[in-house]
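Quick caveat, the model's predicted, so the values are computed rather than measured. Quick note: numbers below take in every heavy atom, side chains included, and nothing from hydrogens, waters or symmetry partners.
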Amino acid sequence: MARPYTLFDAPPDPAAPPEVVSVSALTAQLKMLIEDRFGHVRVEGEIANWTAHGSGHCYFSLRDADQADAQLRAILWRTAARGLTFRPADGMRVRAIGRLAVYEPRGQYQLIVDTMQPAGAGAWQRAFEALKAELEDEGLLDPARKQPLPRYPERIGIVTSGTGAALQDMLAVLAARFPSVSVLVCPVRVQGNGAADEIADAIDAFNLAASEADTPASLKADVLLVGRGGGSVEDLWAFNEEAVARSIARSAIPVVSAVGHETDVSIADLVADVRAATPTHAAELAVPDRREVAALLYGYAEALRLRTTRDLATHRQRIEALVGSRRFNRPLDRLDGLRQRADFLAERLHRAGRQLTQTPRTRLDSLTNRLHALDPVAPLRRGYALVSRDSQPVSSVTELVAGDALTVRFLDGERGVKVTK
């Protein structure tokens with residue numbers, strides 16, 4: 001049986017009939033050739049057809065801006081995608097490092113990307129502006145949601161590199177300005193793959209410790225200082241990643257962002273409650289100056305002393321005036337005066353009572369006299385009699401006729417009579 005033709009053999013004689021090779025065999029040979037020849041490549045181009053799969057893998061193409069027809073299929077596996085320090089998008093120019101591979105079922109070559117970074121300052125700026133716009137739409141950059149820093153914190157939490165100069169600068173400033181403050185340091189990587197996740201996890205860890213009741217008070221930070229010293233855009237990029245921005249935004253502990261130099265502005269600076277120009281400035285903002293506190297306390301003490309002295313002098317004058325008064329030295333005179341006043345008031349009360357009862361009494365007598373005058377029995381006591389006919393009083397003889405039956409009432413009784421003429 002003839003051996004299949006391979007790409008590594010010399011070209012066959014044109015006059016001889018060509019050997020037959022299977023598709024899978026040819027694809028296998030191409031795969032071996034491409035992967036051996038291009039085991040490690042660095043490619044720069046624009047992203048097209050970016051697709052983030054639910055599995056975490058990302059599929060896209062790379063193309064030259066002036067050669068849209070030439071495209072290179074690329075794959076970013078989930079583990080590599082987690083290490084991205086920016087948010088890829090169509091049209092963004094990137095520099096990808098990886099290896100070429102052949103997908104045999106389709107006979108298609110593609111780039112397996114290990115790492116990828118924006119290419120050029122413009123790409124970094126576009127990635128920065130894209131994330132800034134998204135966070136701004138969500139209200140995370142709104143000044144109204146920013147928390148004030150405590151005036152006299154007891155514990156400062158620091159999230160930065162454990163070996164960088166920024167940490168030493170912050171510790172020196174804190175010790176000089178406010179020696180009584182405690183410092184809790186959570187060392188993290190501040191650049192490179194995975195740095196953003198470490199920074200975000202450290203911020204979340206500080207918040208978790210502060211929220212748990214069983215955490216000792218000595219491990220609960222009142223303020224967080226998050227940042228690093230200066231560097232290139234790429235060095236500072238971890239503080240422009242979404243994971244860090246969202247961990248700062250959800251922090252219940254006030255966060256001071258201190259990234260790079262005064263001219264460097266990061267996403268972390270925009271989301272943080274307070275932005276410091278440098279790590280040293282962050283430490284200055286986090287704690288008061290002990291000399292200013294001492295001067296303030298001295299002022300309070302002096303004001304308290306002056307007020308106490310003034311109050312004592314006022315009370316002393318009042319006491320001296322009281323001791324020198326006649327009332328204090330002759331208390332019986334005061335008592336006699338009070339007795340006389342009591343007698344005077346009792347007399348006024350008695351007169352007022354009589355006046356209050358005199359008028360009703362007079363009215364009562366008047367009403368009694370009127371009742372007596374209208375009493376029908378009173379005339380009977382004087383010997384008069386009341387004449388009535390059929391229970392109606394008779395006041396004139398002209399009302400009577402012979403034969404009328406009358407009733408005559410006396411004081412002690414009544415009798416019936418009859419009119420004869």
Side-chain angles (χ1 to χ4, degrees), residues 83 85-86 124 128 131 146-147 149-150 153-210 215 218-288:
T85 59
F86 67 104
W124 292 102
F128 177 95
L131 180 56
K146 297 182 183 295
Q147 307 177 80
L149 300 182
E154 296 182 15
R155 287 166 294 278
I156 303 294
I158 299 180
V159 178
T160 189
S161 171
T163 59
L167 175 60
Q168 300 305 319
D169 292 341
M170 287 188 282
L171 292 177
V173 172
L174 292 174
R177 285 177 62 87
F178 206 57
S180 63
V181 73
S182 300
V183 180
L184 306 172
V185 179
C186 184
V188 295
R189 288 183 295 168
V190 293
Q191 68 183 67
N193 292 337
D197 290 334
E198 287 191 19
I199 296 169
D201 290 344
I203 296 172
D204 291 341
F206 270 115
N207 278 272
L208 180 62
T215 302
S218 59
L219 299 179
K220 295 184 177 182
D222 301 316
V223 181
L224 295 182
L225 308 185
V226 180
R228 55 154 293 160
S232 65
V233 174
E234 185 174 357
D235 293 339
L236 304 179
W237 194 254
F239 295 91
N240 289 323
E241 293 196 38
E242 184 176 4
V244 174
R246 295 196 179 278
S247 66
I248 293 175
R250 63 173 171 264
S251 176
I253 306 172
V255 176
V256 179
S257 176
V259 181
H261 301 299
E262 185 173 0
T263 56
D264 298 318
V265 179
S266 66
I267 295 293
D269 292 333
L270 301 177
V271 181
D273 299 297
V274 176
R275 186 231 171 182
T278 63
T280 300
H281 184 217
E284 293 174 351
L285 294 175
V287 295

* To do: Would you please name every residue forming a side-chain hydrogen bond (donor to acceptor under 3.5 Å, both in side chains) with D222, sequence neighbours left out?
  =>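 D222: no side-chain hydrogen bond (donor to acceptor under 3.5 Å, both in side chains) contacts found.
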* Got a sec, which residues hit side-chain hydrogen bond (donor to acceptor under 3.5 Å, both in side chains) with T163, two or more places apart in sequence or on another chain? ->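 T163: side-chain hydrogen bond (donor to acceptor under 3.5 Å, both in side chains) contacts with S161.
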Under 3.5 Å donor-acceptor pairs involving side-chain atoms of residues 179-188, not counting sequence neighbours:
none

Looking only at non-hydrogen atoms, find the nearest pair between [X] and [Y] and report the distance.
X: L225; Y: A286; result: CD2-CB, 3.8 Å
X: G227; Y: V190; result: O-CG1, 4.2 Å
X: R228; Y: L236; result: NE-CD2, 3.4 Å
X: A243; Y: D197; result: CB-OD1, 4.0 Å
X: A196; Y: A238; result: CB-O, 3.8 Å
X: T215; Y: K220; result: O-CE, 3.3 Å

* **Main-chain N/O of I253 paired to N207 side chain as donor or acceptor, under 3.5 Å** => yes
* Would a distance-only check, ignoring hydrogens and angles, find a side-chain to backbone donor-acceptor pair under 3.5 Å from S266 to N240? ->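 It does not hold such a pair.
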Output all residues satisfying salt bridge (Lys or Arg N to Asp or Glu O under 4.0 Å) with [X], sequence neighbours left out; order by chain, then residue number.
X: D204; result: R250
X: E198; result: R189
X: D269; result: R275

Run the side-chain contact (heavy atoms from CB on, under 4.5 Å) test against [X] and tell me which residues pass, sequence neighbours left out.
X: Q147; value: P254, D273
X: A245; value: L135, I267, V271
X: E284; value: V173, R177, T280, H281
X: A272; value: I248, V255, S257

* Apply side chain to side chain contact (heavy atoms under 4.5 Å, CB included) to the pair V159 and F206, showing each step before the final yes or no. => CA-CA 9 Å; V159 178; F206 270 115; 3.7 Å; yes
* Got a sec, which pairs hit salt bridge (charged side-chain N to carboxylate O under 4.0 Å, His left out) with one end in residues 154-174, sequence neighbours left out? ->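 For residues 154-174, and leaving out neighbouring residues, there are no salt bridge (charged side-chain N to carboxylate O under 4.0 Å, His left out) pairs at all.
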Just so I know, are the side chains of [X] and [Y] near enough to count as touching, which here means a heavy-atom distance under 4.5 Å?
X: M170; Y: T160; value: yes
X: V274; Y: K146; value: no
X: L224; Y: S251; value: yes

